[in-house]
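What follows is a set of notes on a single structure, which appears directly below.
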Amino acid sequence: GATTVATTMMLAEMAGIRVFATGGIGGVHRGAESTFDISADLQELANTGVAVVCAGAKSLLDIPKTLEYLETMGVPVLGMDTNDFPAFYCRKSGCKVDVNVPDAATAAKILRTKWDLGLKGGFVIANPIPEEYELDFDEMEAVITKALEAAKEENIHGKDTTPFLLDHIKNYIFIQKIRYGNRFQVCYNIEAGSEQYKIMRFLLQPIVENAILHGLAGGNPGDAGILEIAVALHTNALEIKVRDNGAGMEEQKVAELLEY
């Protein structure tokens, strides 16, 4: 199982842990002015004395509104050697952090000062993804905007059907194929009847991104990459598999990740 950022903050505070790292925080969803869809992560950051190191907020969120919410709730947003607030796989989101800190020691001094003064709440410490793995923000924005517009037109909300999600992924992959010089092909193996089932919105994108970034993008220019997305039905479950024939991450990098 897994916990949300909000729940992890609560557990961390109970255990006396003041700092932890995650991929990206939740935030204000696009269209929240009518849906009021706002992640509990933001309220927890306002009330719990834990700092969250992350690659910013998830790209599909309304990042300007998310930062505005954090400012209203008195949550400082620090950038690790950056002025730009990142958006998960994108190093820039078009928004700025509150302060650029040059190193972890400086960040720690800021954290300690706030908590020594008895002020409640935590911090967001934005640590961008390394440049070699970043995606272009404008490209991602175009994919997300198109998907959200289509969802609105089709009155899709909460959870999306499998075909809609797959169409969204196809758009994303189309952009990545252009980006990487059409060096890989995509195969879809969708079992008949699976299209009627519902899965969480944007569930596949991070997995596909990982396959492209760590499996296919780092190969030799002349190598042909293959990405397969398979959906199959089982007794009480919908199985989704993403495979690639790429080299993957180096063994040392895998070992480093497993240490955490």
Side-chain angles (χ1 to χ4, degrees), residues 5 19-27 51-64 66-67 70 76-108 110 123-145 169 171-184 202 204-223 225 227 242 244-260:
V5 170
V19 182
F20 75 87
T22 187
I25 61 169
V52 179
V53 181
C54 60
K58 298 176 178 66
S59 305
L60 59 91
L61 299 172
D62 189 322
I63 293 178
T66 297
L67 293 175
L70 289 171
V77 178
L78 313 181
M80 289 300 300
D81 196 26
T82 182
N83 293 311
D84 298 288
F85 185 74
F88 213 47
Y89 277 110
C90 306
R91 288 179 63 85
K92 297 181 180 180
S93 65
C95 299
K96 301 296 183 182
V97 297
D98 293 330
V99 60
N100 181 337
V101 293
D103 49 48
T106 304
I110 295 174
F123 289 82
V124 173
I125 302 177
N127 187 31
I129 187 171
E131 291 184 15
E132 60 266 32
Y133 300 127
E134 73 168 320
L135 298 179
D136 184 86
F137 178 76
D138 292 333
E139 291 178 353
M140 284 302 302
E141 187 69 11
V143 173
I144 292 170
T145 299
I169 292 299
N171 290 334
Y172 167 77
I173 290 173
F174 174 74
I175 289 177
Q176 295 308 309
K177 290 184 74 173
I178 294 175
R179 180 185 182 193
Y180 292 111
N182 208 31
R183 280 166 37 204
F184 63 90
F202 304 115
L204 274 177
Q205 182 169 319
I207 304 173
V208 173
E209 285 176 349
N210 185 74
I212 293 174
L213 289 171
H214 297 300
L216 304 177
N220 297 321
D223 294 342
L227 179 66
V242 178
D244 67 76
N245 68 335
M249 291 185 286
E250 296 178 356
E251 292 186 7
Q252 181 179 352
K253 184 64 177 178
V254 174
E256 291 175 358
L257 293 174
L258 292 176
E259 288 181 2
Y260 296 99

How close do Ala87 and Ser93 get, counting heavy atoms only, and between which atoms? CB-CB, 4.0 Å
Do side-chain atoms of Asn100 reach the backbone of Thr82 as a donor and acceptor pair under 3.5 angstrom? yes
Between CG of Leu78 and CZ of Phe85, what distance do you get to the nearest 0.5 Å? 11.0 Å
Between Lys96 (side chain only) and Asn83 (backbone N and O only), is there a donor and an acceptor less than 3.5 Å apart? no
Which pair of heavy atoms, one from Pro102 and one from Asp81, lies closest together, and at what distance? O-CB, 4.4 Å
Do any N or O atoms from the side chain of Asp98 and from the backbone of Val77 form a donor-acceptor pair under 3.5 angstrom? yes
For the residue pair Gly26 and Leu61, what are the closest heavy atoms and their distance? C-CD1, 3.6 Å
What do the steps show when you test Val52 against Phe123 for side chain to side chain contact (heavy atoms under 4.5 Å, CB included), and what is the final call? CA-CA 6 Å; Val52 179; Phe123 289 82; over 6 Å; no
Give me the atom names and distance for the closest heavy-atom approach of Cys95 to Ile63. SG-CG2, 4.0 Å
For Met80 and Pro128, work out which heavy atoms get closest and say how close. O-CD, 4.1 Å
Nearest 0.5 Å please: distance from the SG atom of Cys90 over to the CG atom of Asp136. 7.0 Å
Work out which heavy atom in Ala126 is nearest to a heavy atom in Pro86; give both atom names and the distance. CB-CD, 3.5 Å
